[in-house]
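Note sheet for the following structure.
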Amino acid sequence: MKSSKRNLFLIEIFGLLLGLLWLSPFYLMLVNAFKTKKEIFMSVLSFPEALATENFVRAFDDLDFVNSLVNSLIISVCSIAVIVIFSSMAGYALARNKSKLSSALLLVFVAAMLIPFQSVMIPLVSLFGSANMLNQAGLIFMYLGFGCSLSIFLYHGAMTGISKSLDEAAIVDGANKFQVFWFIIFPLLKPISVTVAILNVIWIWNDYLLPSLILGESSATIPLKMFFFFGQYTKQWHLALAGLTLAIIPVIIGYFFAQKQIIKGVAEGAVK
């Protein structure tokens, strides 16, 4: 009994140390974001003598933070919406129409997850450039293409747990295929939809490579704007860290308000 308590105590201490190690970069970022350039070079770990809030004011202006945030929100929200809608419809169609063709199409979508973006980067940009789609709409369309493979695979797996008798009962009541999916099946896919949204919003919000190839500086997202910002203030760490702090605030706020739905969706999706 004593050994089990001692082991539990050691595990708790180890977990606490890991937590402190994980929080240490955030501590360094926040503490040094409120320092002057001189204070950072004198001591990185110490608290600031006075809160240099002007760092955030300057970073906010130079980042064009509001415009960058709006661009990121538009691209992320629209991309997640089209990925969830089209992937769920494709997963439903492939799961309900059993044939050699549907099996081959599912295999193609699964195989597409193995194709690295770098191998199609140049021809993709060239193709979209010739079609005058090097803009936000074109970027959203690309995210749909790159995000639908895994999403369709997840939706197809979730559909196997939903009885086909629901479709048949709705059709007997006079519903068409679209109504069956949208009003009967899609609400039942909410847990996996939350999972799909989380998996995709993480890389879409933080993506730098695709926006750097498609978007200009005027329509840049937060990660792309941060690249320009860090390039400008490489040696001025007080401004760079203030800008980085501003960049992560929307993510923290979004998670704070959506954490219950995120945890519930992931848990229910895992059970499914």
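Since this is a predicted model, take the numbers as computed values, not measurements.
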With the side chain counted from C-beta on, respond yes when [X] and [Y] share a heavy-atom pair under 4.5 Å apart, and no when they do not.
X	Y	value
Ile40	Lys37	no
Leu45	Leu28	yes
Leu150	Leu154	yes

Tell me whether [X] at atom [atom1] has more than 12 heavy atoms from other residues, nucleotides or ligands lying less than 6.0 Å away.
X	atom1	answer
Phe141	CZ	no
Met42	CE	no
Ile252	CD1	yes
Phe65	CZ	yes
Glu49	CD	no
Phe186	CZ	yes

Sidechain-backbone polar pair: [X] side chain, [Y] backbone, donor-acceptor under 3.5 Å:
X	Y	value
Ser79	Ser76	no
Asn71	Ala220	yes
Ser24	Leu21	yes
Lys35	Ser43	yes
Ser163	Leu166	no
Ser102	Ser99	yes
Thr221	Trp205	no
Ser126	Ile122	no
Asn55	Ala33	yes
Thr245	Leu30	no

### Query
Taking only residues two or more places apart in sequence or in another chain, which ones pass side-chain hydrogen bond (donor to acceptor under 3.5 Å, both in side chains) with Ser193?
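Listed in chain order: Tyr155.
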
### Query
So how far is it from Ser88 OG to Ile83 CD1, rounded to the nearest 0.5 Å?
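If we round to the nearest 0.5 Å, Ser88:OG and Ile83:CD1 are 11.5 Å apart.
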
### Message
Which heavy atom of Met159 sits nearest to which heavy atom of Ala95, and what is that distance?
### Response
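Closest approach of Met159 to Ala95: CB-CB, 3.5 Å.
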
### Task
Identify the heavy atoms of Tyr208 and Leu224 that sit nearest to each other, and give their distance.
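Tyr208 and Leu224 have their closest heavy atoms at CE1-CD1, 3.5 Å.
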
### Message
Would you say the rings of Phe34 and Phe56 are close, in the sense that their centroids are separated by under 6.0 Å?
### Response
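Yes, ring centres under 6.0 Å apart.
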
### Message
For Trp203 together with Phe146, are the ring centres under 6.0 Å from each other?
### Response
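Centroid distance Phe146-Trp203: not below 6.0 Å, so no.
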
### Message
If the condition is ring-ring contact (aromatic ring centres under 6.0 Å, His included), which residues does Phe183 pass it with, not counting sequence neighbours?
### Response
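Testing Phe183 for ring-ring contact (aromatic ring centres under 6.0 Å, His included), a comparison that skips the adjacent residues, returns none.
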
#### Entry: Tyr92 and Asp167: side chain donor to acceptor below 3.5 Å
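There is such a pair between these side chains.
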
